[in-house]
**Q** 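Handing you this structure, nothing more for now.
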Amino acid sequence: MPEGPELHLASLYVNKMCNGVVFTGAVRKSEVSKNPDVPFICEAYRITATSRGKEVRLTLTPMKSDDPKQRVKTGQADQPMDIVFRFGMSGYFRLTTEDELPKHAHLCFFSKETPCRVLSFVDVRRFGSWQPSGVWQPGRGPCIMFEYKSFRENVLSHLSDRAFDRPICEVLLNQKYFNGIGNYLRAEILFRLNIPPFVPARNVLEGLESEDFCDKEKPVKNDTNTKTSFITEESGDLLRLCHTVPLEVVNLGGKGYDPEKADYSEFEAWLQCYYVDGMKSIRDHNGRTMWFKGDPGPMAPKDSKSPKAKKRAKKEDDHDYTDEKKVSRSHSESTTKKTVTKQEIVTKTPKKGKDARPKEAKSKRQRENTRDVKTPQLGKKSMARRRKSSSAEPTAAGPQRRSGRVTRQNDK
DNA sequence: CGTCCACGTCTAC
DNA sequence: TAGACCTGGACGG
């Protein structure tokens, strides 16, 4: 769940599900979690949430009690407590019954009902974190979705920062300036404007107005800076898209997050570039996979290895946005065929030479393999990603809608 | 069964 | 700029 939209959807989920629910007792942490205990005990309290960029803050508010003395005597809270969460790669909130507690639930809040229910912070990989009596992490910039004006000013007033010496795709992951942007959003945003991902960030940003005139009538910027303008009348400039594209995900229908839905087809259909067949991908200088189309730009890693175009999918009940079932992605349909026609370069899969695999996405592993930008492998596997059922039909046929990745018809 | 990959930070060398 | 930190799904053999 973890980019700005998912964190915000998580806060909406908490507010919706916990509305009217009274929680009680102590907050319990799993044995395995290395995060801090939450020293909050209260006979009756409520839980609300808010999000900012890639963080969510839960507020535990004690309900008024008729007997303050009793409360003090038992060490119970009488003041609200904020807990600030970061979701890592796999965090999310769930409200369930006690016996349906998700595996990997690491922090639990119990309701006062008889068959009690539990609001839990679930995090399979445990990269997530929380801070009791916490505050928004210092150093993270304004929220790209809900503090747009200050987000924009923060970026434009610090363009001399050396952080902007880097390629735009890497700067977009810098939470000091782009709090809420993550790996799929940077790909979708740059794709919309056709900006090569490895172009120096400052070159792309300098020249943008401090004020966002898009709201106003068409400003039609003077042609003073026509050279760099990756600005389109309808979509606006890069900073505006850092605001609007995430909001599109929030407005997809709330599915993005609600685990109950377990249907991410809408989200998948929304993706135009990230993990989409036909798009290219290379690892950036931090080992993260950058998805894009066309020219990678001058600062592209020279040795980039091409991550293989694999597949992924999850099981139905999973809540990740990566899965889905029906896939229907239309846009570039042609890739299949065009790749076939001229592709050849393609990157071969990085073979592994020796052992030692680095870590997450770190690039070090690279063995020799190819350095080219990867292009999707042809029909053979890239499209077949996960779905084994349908044989990869070669060109032919129908509507070429490349299923984007992961398609899963029903698995049986 | 082993390899590769994943929506993100953190912190040592 | 590397590793570390983790679990698990999809594949390949």
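All values derive from a computational prediction rather than experimental measurement. Order of the sequence lines fixes the chain letters, A, B, ..., with proteins taken first and strands second; residue numbering starts at 1 for each chain.
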**Q** Hey, is the side chain of A:Arg125 pairing donor to acceptor with the base of C:dC6 inside 3.5 Å?
**A** yes
**Q** Let me know the distance between CZ of A:Phe87 and P of C:dT7, rounded to the nearest Å.
**A**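 Going from CZ in A:Phe87 over to P in C:dT7 covers 20 Å.
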**Q** Can you check the A:Asn286 CG to B:dT11 P distance for me, whole Å?
**A**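 Checked: the CG to P distance equals 17 Å.
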**Q** C:dT1 C1' sits how many Å from A:Leu173 CG, rounded?
**A**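 So the CG-C1' distance, A:Leu173 to C:dT1, works out to 16 Å.
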**Q** Where along residues 131-140 of chain A does a heavy atom come under 4.0 Å from DNA chain B, residue by residue in number order?
**A**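 Of all residues in residues 131-140 of chain A, the ones placing a heavy atom under 4.0 Å from DNA chain B are A:Gln137, A:Arg140.
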**Q** Which ranges of DNA chain B pair up as stems, where a stem means three or more consecutive Watson-Crick or G-U pairs with both distances under 3.5 Å?
**A**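 So far as stems of 3 or more pairs are concerned, DNA chain B shows B:1-6 with C:7-12, B:8-12 with C:1-5.
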**Q** Quickly, which of A:Val155, A:Asn174, A:Val204, A:Asn203 forms a side chain to side chain contact (heavy atoms under 4.5 Å, CB included) with A:Phe164? Name it, please.
**A** A:Val155
**Q** Please tell me which of the listed nucleotides, C:dC5, B:dT9, B:dC5, lies nearest to the side chain of A:Lys54?
**A**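 Nearest listed nucleotide: B:dT9.
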**Q** If you count the non-hydrogen atoms of other residues, nucleotides and ligands that lie under 6.0 Å from CZ in A:Arg28, is the total more than 12?
**A** no
**Q** In residues 98-105 of chain A, what residues come within less than 4.0 Å of DNA chain C, judged by heavy atoms?
**A**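 Listed by number, they are A:Lys103, A:His104.
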**Q** Can you check the A:Leu185 CG to B:dG8 P distance for me, whole Å?
**A**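 My rounded result for the distance is 9 Å.
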**Q** Are side-chain heavy atoms of A:Leu190 and A:Met290 found at a separation under 4.5 Å?
**A** yes
**Q** Could you check which of C:dC6, B:dA6, B:dT9 has an atom nearest any side-chain atom of A:Arg86?
**A** B:dT9
